[in-house]
Amino acid sequence: MPILTVIGDYQWLTFTVMNLAFYAISVIEVNRYLRFLKIKPEAFEVFAFQKVEGNEALKNKIIYGDLTRREVEIALSILRGLSYKEIARDFFIAESTVSKHASNIFKKTAVKNRGQFISRFKPKNE
């Protein structure tokens with residue numbers, strides 16, 4: 001980008017690229033917000049468990065390990081049965097980042113792998 005401004009009057013190109021980048025980031029953020037609204041009832045239910053007092057009530061809940069908002073989003077996606085690749089595509093992040101979040105989720109919820117996590121936290125009526 002700076003090279004374009006040095007070698008000539010490419011201000012129109014610079015502004016076009018900057019505007020496209022701004023619009024792309026805006027679309028990504030709007031999409032993320034809409035996705036959160038879609039899972040809001042589930043997410044609200046999970047966040048509400050943070051306010052419950054007593055370890056017994058939290059024993060089998062996902063919020064057991066004080067998960068971050070992104071970890072809750074990824075945990076809910078894992079519980080829906082999505083693969084790491086699908087989750088990465090949905091959240092616009094790398095698959096390795098999803099794997100790292102999942103690893104943190106498993107540590108915080110005291111499970112060893114994805115199978116244990118799903119069997120422990122998946123609602124019984126599904």
Side-chain angles (χ1 to χ4, degrees):
M1 200 57 96
I3 293 173
L4 293 177
T5 57
V6 170
I7 61 173
D9 188 19
Y10 290 101
Q11 196 172 28
W12 62 271
L13 182 61
T14 304
F15 287 145
T16 303
V17 171
M18 294 296 286
N19 285 336
L20 288 174
F22 171 76
Y23 291 129
I25 291 171
S26 298
V27 167
I28 290 170
E29 286 301 314
V30 167
N31 189 16
R32 179 178 176 190
Y33 182 72
L34 292 175
R35 182 176 314 283
F36 185 73
L37 287 178
K38 184 176 167 184
I39 64 167
K40 187 177 179 180
E42 296 169 359
F44 178 75
E45 191 175 312
V46 170
F47 287 129
F49 287 123
Q50 284 182 328
K51 297 181 181 176
V52 176
E53 294 181 3
N55 288 337
E56 193 60 38
L58 297 176
K59 193 175 199 178
N60 293 321
K61 304 301 177 197
I62 218 173
I63 204 66
Y64 175 74
D66 283 332
L67 302 178
T68 64
R69 177 181 173 179
R70 178 60 88 170
E71 288 171 345
V72 169
E73 291 172 342
I74 291 184
L76 291 171
S77 296
I78 290 172
L79 290 175
R80 283 195 192 95
L82 298 177
S83 69
Y84 290 170
K85 184 178 275 191
E86 292 169 327
I87 295 170
R89 185 190 67 231
D90 288 347
F91 289 110
F92 303 102
I93 56 177
E95 192 174 344
S96 59
T97 305
V98 174
S99 179
K100 182 62 179 168
H101 281 304
S103 174
N104 291 338
I105 291 166
F106 300 156
K107 285 179 190 172
K108 290 179 179 181
T109 56
V111 297
K112 293 184 180 178
N113 56 37
R114 183 181 178 127
Q116 281 184 350
F117 180 77
I118 290 173
S119 66
R120 181 171 179 188
F121 295 109
K122 188 109 174 161
K124 304 298 182 213
N125 57 3
E126 292 184 11

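Any value given below was found using the heavy atoms of this structure, including those in side chains, with hydrogens, waters and symmetry copies removed.
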Asker: Same hydrophobic cluster for I93 and I28, using side-chain heavy-atom links shorter than 4.5 Å among ILVMFWY?
Answerer: no
Asker: Please name the pair of heavy atoms, one in S83 and one in E86, separated by the smallest distance, quoted to 0.1 Å.
Answerer: N-OE1, 2.9 Å
Asker: To check you understand the geometry: which heavy-atom pair defines the closest contact between A102 and I78, and what is its length?
Answerer: CB-CD1, 4.1 Å
Asker: Please check if atom OH in Y23 has more than 12 non-hydrogen atoms from other residues, nucleotides or ligands closer than 6.0 Å.
Answerer: no
Asker: Working to the nearest 0.5 angstrom, can you tell me the gap between M18 CE and L20 CG?
Answerer: 11.0 Å
Asker: For the side chain of R70 and the backbone of H101, is there at least one donor-acceptor N/O pair under 3.5 Å apart?
Answerer: no
Asker: Sub-3.5 Å donor-acceptor pair from the side chain of S26 to the main-chain atoms of F22, do we have one?
Answerer: yes
Asker: Verify side-chain contact (heavy atoms from CB on, under 4.5 Å) between D90 and E73, making sure each step is shown before the conclusion.
Answerer: CA-CA 11 Å; D90 288 347; E73 291 172 342; over 6 Å; no
Asker: Restricting to non-hydrogen atoms, name the atom on E71 and the atom on I105 that form the minimum distance, rounded to 0.1 Å.
Answerer: O-CD1, 3.2 Å
Asker: For the residue pair Y84 and R114, establish whether any side-chain heavy-atom pair is separated by less than 4.5 Å.
Answerer: yes
Asker: About how many Å separate CG of N104 and OG1 of T109, when rounded to the nearest 0.5 Å?
Answerer: 10.5 Å
Asker: Answer with yes or no whether the hydrophobic clustering places Y33 together with V30; edges join I, L, V, M, F, W, Y residues whose side-chain heavy atoms lie under 4.5 Å apart.
Answerer: yes
Asker: Are any non-hydrogen side-chain atoms of F91 and T97 less than 4.5 angstrom apart?
Answerer: no
